[in-house]
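To start, the structure itself, in structure tokens.
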2 protein chains.
Amino acid sequence: MSGAPRPIPAGTVLFRAGDPCRGFVLLHEGSLRVTLTAANGREVVLYRVAPGEVCLQTFSCLVEGRDYSARGLAETDLLAEVIPSADFHRAMADDEAFRARVFGAVAQRFADFERLVEDVALTGFPARLARALLRLARGGNSVRATHEQLAGETASGRAVVSRQLARFAEEGLVETLRGEIRLCDPGALARLARDG
Amino acid sequence: MSGAPRPIPAGTVLFRAGDPCRGFVLLHEGSLRVTLTAANGREVVLYRVAPGEVCLQTFSCLVEGRDYSARGLAETDLLAEVIPSADFHRAMADDEAFRARVFGAVAQRFADFERLVEDVALTGFPARLARALLRLARGGNSVRATHEQLAGETASGRAVVSRQLARFAEEGLVETLRGEIRLCDPGALARLARDG
DNA sequence: CGGGCGTCGGTGATAAAGTCACCGAGCGAG
DNA sequence: CTCGCTCGGTGACTTTATCACCGACGCCCG
């Protein structure tokens, strides 16, 4: 398409709220976390961009000429390609496959947002936390994350997470270590995640 | 593009969660409200589709072949055009103006979702309610809505809205009538909406 | 006009969630 | 080992949400 993919080390902030937008980001490898930060410092994870996806934070910027409204952080080392605005528009016009890819990303983001809203607005905290654990475990039975990070995932406070995890541990659903949560009974967690 | 715009009376449910998707909706006139409903019956307003915009709930469906995940209700009488999937894809390929319009709608939805998440996850209830009132007043100084509806807008409960409105009334910010709220001090409300 | 009835809103009681502050435990660096 | 930092546990409190109930209003109809 254009521009060579370039490596970006984990921990890099690709963009922050208020930044002007430089180009369209297509991710080849790694995980990009997009978050929203409140005035008081609280932070929620909006979604993650996976390999093969395009970052749509960028999309809104390019289309409307707006600045970024959220923060993008490289969760792992990345391999990403930055496509200039003109090239992006041309590819959208000419390249069927590229269009399909962007559409897919848009649909995925919508689904993510809907999930997030449903979680935050309609779901009790225990189920929300169970969902976050299952999501972050990605099929495995262990999550490497601090309570602080889980608070970001659940749009809640660190103390709230600590207490709920303690309750889960009492019931034998999880085991908590420093910086890691082991899922002892993923089935029960999944049931809790579904049934509220 | 295709298909004639057709009138739809207020109150019509255009789609509900789980429905298969029939086509791509382009709105000419009126206001379409898209909501998410919980198992327990609680409902939040995700966003509204305005004239000239496309309904992106439809978008995700067509692109990914998924069913609807939310509910679409005609808030007023509508004039809408339904574009078959094939026509939609062709227009996206060929028609620059159509593409620009769809992109605009996507960007708008993203902004709406971000606002919603920010409201629900990062903002205290009084500010959230103030924002909802200002948004629904659309520059005017009166909102025609029941407390129930405002609960949907703020992703909260009816009783919570009642109490907060009573407090606003005490402070002289609003005056409450049956089915209507008068904004007596929009400036103060705006300040509250901004500063949390 | 005067009931009957459905929606709307006020309110008390209680539970859940979030906030704040503090402290001790674990871990790594020097 | 000790310093210093992050991590997590916990008590006390505030805010928000939920549940249940009831009176007020509007409307239709006899």
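None of the values given here were measured: they were computed from a predicted structure. Throughout, a chain's letter reflects where its sequence line sits, starting with A, and its residues are numbered from 1.
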5'-most to 3'-most nt of DNA chain D touching chain B (<4.0 Å, heavy-atom partner on protein side) reads D:dT16 to D:dG26
List in numerical order all residues of residues 118-131 of chain A for which some heavy atom is under 4.0 Å away from an atom belonging to DNA chain C. A:Gly124, A:Phe125, A:Pro126, A:Arg128
Check the side chains of A:Thr123 and A:Glu118 for a donor-acceptor pair under 3.5 angstrom, ignoring hydrogens and angles. no
Among A:Val44, A:Thr37, A:Val120, exactly one meets side-chain contact (heavy atoms from CB on, under 4.5 Å) together with B:Leu122. Which residue is that? A:Val44
Looking at B:Val161, is its backbone amide N or carbonyl O close enough to the side chain of B:Gln164 to form a donor-acceptor pair, meaning the two atoms are under 3.5 Å apart? no
If you look at every strand shown and take non-hydrogen atoms under 4.0 Å, does A:Ala159 touch a base, only sugar-phosphate, or nothing? base
Heavy-atom nearest nucleotide on DNA chain C for A:Arg167 versus B:Arg163: which residue maps closer to 5'? B:Arg163
In terms of the nearest nucleotide of DNA chain D, which residue is placed more toward the 5' end: A:Thr146 or B:Ser156? A:Thr146
Between C:dT19 (C1') and A:Asn40 (CG): distance, integer Å: 10 Å
To the nearest angstrom, how far is B:Gln149 atom CD from C:dG9 atom C1'? 13 Å
Applying salt bridge (charged side-chain N to carboxylate O under 4.0 Å, His left out) to A:Arg48 and A:Glu153, what does each step give before you reach the verdict? CA-CA 11 Å; A:Arg48 289 185 168 75; A:Glu153 297 289 337; 2.5 Å; yes
Does any N or O donor sit under 3.5 Å from an N or O acceptor when you compare the side chain of A:Arg158 with the base of C:dG18? no
The reported gap from CD in B:Glu114 to CG in B:Asp119 (rounded to nearest 0.5 angstrom) is 12.0 Å
For B:Arg135, is the CZ atom crowded, meaning more than 12 foreign heavy atoms sit under 6.0 Å from it? yes
Between A:Phe113 and B:Phe113, what is the ring plane arrangement, given parallel below 30°, perpendicular above 60°, and tilted in between? parallel
How many Å lie between CD on A:Glu43 and P on C:dG18, as a whole number? 17 Å
Please name the pair of heavy atoms, one in A:Gly30 and one in A:Thr76, separated by the smallest distance, quoted to 0.1 Å. CA-OG1, 3.2 Å
